[in-house]
Each structure stands twice: as C-alpha cells, then as structure tokens.
Amino acid sequence: MNTYFIPNIKLRSIVFLLLLFCTALSGCDSKPVSDDRISFDMTSSLPFIPEASGETVLGQDPLLLDTSNMNKGYMAAISTSPDHQTSVQMTNPDGTTYSYYIAPLETAFIPFTGGNGSYLIVCYEQISGTMYSALSSEVLDISLENEYYPFLYPNQYVNFTPDAKACVFASGLLTEDASDIDLLDAIYTYVTENIEYDYEKAQSVEAGYLPDIDETFDSGKGICFDYAALIASMLRYRGIPCKLNIGYAADIKHAWIDVFIKSKGWVQNAISFEGDEWSRMDPTFDSANAGEESIYEYIGDGSNYTVLFTR
C-alpha cells in the first residue's frame, strides 16, 4: 500500500473509513472518457424516466430482460421469483464485466455505460447462499440514439424518481432556462454544504449496499457512495449527464462523479476548471475538507483517481 502524508485528522479518518467501505463496491470499467460536445437539447426530453414497456422481452422465468429501450441506453431486469435473488452479469464491449443483483419480484434498470457495441448478458438464479444457476444468455448489439443517454436515466445505482424529495428540491433550485454550469454549481454547493460524512455508517456498511438518495437527503449524512449517487441523481434529473464512478482515489476504494458541461465536455477526476470559481468534483472530500489545501496532496492533479467501473 502506498503511503501519503495527510496532516488533517478528519481526512485520515475518512481515508480509513473509505477503506472499510471497499467490500460494498465491485466491478470494473476502463472505457476512455469522451470529450465530445453535446449534440441535442436534453431539456426538451425531461424527465428521463426508464420504462419496461414489454415490447421486446428476452430470457426466461424467473428473470426476464426487457430490451425495448436499448437504444436509449438501458434495459430492465425483471424478477418473477417470489423468494430467490437473481443476477445479471453484463460484459461490456471492452471486455469488462458488471454484476447486478435483483431482489425477488423487483425490477432493476441496467445501463449500457460502455457505449455502442456488443454486450454479453448472462442471467442467473440464486440456489443457496453464493451459489447461482445459469438461466439464459444473450448477446445485445447496442446502437445508442445518443451517447449521453446512459448517464441521464436512473438505474439501480443512481436511483431516482420525479417524486423523490431530492429531485423535487433540485427542480426548484433554479429556473428551467438556467445554464448547466449554474445548475451544477447550485446542486454541488447544496450537497457539499448540507451532507456530512457518516463515519458510523462507513464502519458498518455491507457488501451489496445501494444508496437511497432520499435517506441521504433527509438525514443529511452519507458515505462517498451516497454523496455520488445523490448529486448524480439531482444532476441527471435536471438534464445534466453525470457519471457515478467507483474505483480508487490513490489506493483507497472510493466513489465520485464526472459531469458533462456543454462548453467543456466531460469534467473528470477532480481536475480544476480553469476560469470557473469551483475547482474539484469530488463531493465527499469537498464536503469533509472544504478549504483544506492538504486534500490536494491526497487527490493530486486527478491522476491519482482510477476508475474501475461507471454506473
């Protein structure tokens, strides 16, 4: 393990607790980030709410795949089992594999964050404990209507609805014609100023944990995963593409965001905007260490961030 000099006591505590959180995050993605400019007006399509229309359904009971909206960047995994967990393993075009777990009788929306290409989908049913039996496999050829769709719709990790308290609040922050930078500044500032790092939760979080944005919004507390999911949900709801990244900040398992700005492209890995008044895109560290220059010794110039996978 690499050693970093971190003089701030609170920061040292966060680093330790983020390490405890590592078992709750899994998967990988090494797809390079595009710097293309936005090519359509997202505000005309708000809100971006996924559907399982049933027009195209693959697989078999107890796990069905509704692929009716593949070109919009997602599919629905529908459990028909009353008592067994099911699972989807999805191998992206770049060869990386994501795992999704679906509770009995639940529907999970799964994004195609690897962009265009062929995805191998394998469905499983839980037999006992960690033992699963294969149900079906499919190869899906994805051709997105727009490359930003996977980062605008909700999914199992960035899970929001129009009536979520956090989304209702975000909708009232600024007017519909506000610029994306103004919206980002307002949402990011609210989250980092009103959500505290939850040290107790970081010590007890279990593998398979998924954020609840309204629980974070109401309690005013969360871990890195909660910060990233909350701010990604609020931004997506207002039509700003946002990636929830899970990987490493230096050698600590961590979750953070990348945001697409029309005039700048993807802003990633906590790299500063030259000429803008805010300077980093990691809400966990920004909230816990606002004004602490020592944080830069830890995150560096952004090169210390390693993305394992993107939701």
Side-chain angles (χ1 to χ4, degrees), residues 24-27 29 45 47-93 96-145 149-164 167 206-215 229 232-233 236-237 244 246 309-311:
L25 309 175
S26 61
D29 183 357
S45 302
F48 289 89
I49 303 303
E51 299 178 344
S53 64
E55 294 178 14
T56 305
V57 178
L58 305 175
Q60 62 186 46
D61 290 327
L63 184 60
L64 305 176
L65 302 177
D66 187 321
T67 59
S68 307
N69 293 289
M70 294 191 306
N71 59 351
K72 294 189 182 300
Y74 67 87
M75 67 177 179
I78 305 166
S79 169
T80 60
S81 172
D83 48 18
H84 287 157
Q85 182 172 258
T86 52
S87 174
V88 171
Q89 284 194 349
M90 181 170 72
T91 302
N92 278 14
T96 60
T97 299
Y98 291 66
S99 294
Y100 295 87
Y101 296 91
I102 300 91
L105 300 179
E106 294 289 330
T107 295
F109 291 100
I110 298 175
F112 297 110
T113 56
N116 295 335
S118 294
Y119 291 71
L120 173 62
I121 311 295
V122 182
C123 297
Y124 296 89
E125 179 184 15
Q126 184 183 36
I127 302 301
S128 176
T130 59
M131 295 180 60
Y132 283 76
S133 174
L135 293 169
S136 63
S137 65
E138 307 284 347
V139 174
L140 303 180
D141 293 319
I142 304 302
S143 180
L144 298 173
E145 290 180 4
Y149 273 145
F151 312 110
L152 285 165
Y153 282 93
N155 59 52
Q156 194 182 43
Y157 285 71
V158 185
N159 193 0
F160 62 90
T161 61
D163 59 353
C167 292
E206 297 180 354
Y209 171 78
L210 293 174
D212 180 332
I213 64 165
D214 272 350
E215 192 280 330
S233 296
R236 290 185 188 187
Y237 187 69
L244 188 159
I246 296 174
F309 65 107
T310 300
R311 305 291 189 178

Would you please test Val88 and Ile110 for side-chain contact (heavy atoms from CB on, under 4.5 Å) and show each step? CA-CA 9 Å; Val88 171; Ile110 298 175; 4.0 Å; yes

For the residue pair Thr67 and Thr56, confirm or rule out a side-chain donor-acceptor distance under 3.5 Å. no

Answer yes if the side chains of Ser118 and Asp141 hold a donor-acceptor pair under 3.5 Å, and no otherwise. yes

Ring of Tyr100, cation from Arg311 - is the NZ or CZ under 6.0 Å from the centre and inside 45° of the axis? yes

Restricting to ring pair (Phe, Tyr, Trp, His ring centres under 6.0 Å), what partner residues turn up for Phe160, sequence neighbours left out? none

Are side-chain heavy atoms of Thr113 and Asn155 found at a separation under 4.5 Å? no

Taking the side chain as C-beta and beyond, is there a heavy-atom pair between Pro162 and Tyr237 under 4.5 Å? yes

Please determine, by modelled atom types, if Ser53 and Ser68 share a side-chain donor-acceptor pair under 3.5 angstrom. yes

I'd like to know if the side chain of Tyr132 pairs up with that of Gln85 as donor and acceptor (distance under 3.5 Å, no hydrogens or angles considered). yes

Please state whether the rings of Tyr153 and Tyr74 are parallel, tilted or perpendicular, taking 30° and 60° as the class boundaries. tilted

With a 4.5 Å heavy-atom cut-off, do Glu106 and Thr86 have their side chains touching? no

Residues forming a salt bridge (charged side-chain N to carboxylate O under 4.0 Å, His left out) with Glu51, sequence neighbours excluded: none

Does Leu135 reach the side chain of Val122, with side-chain heavy atoms less than 4.5 Å apart? no

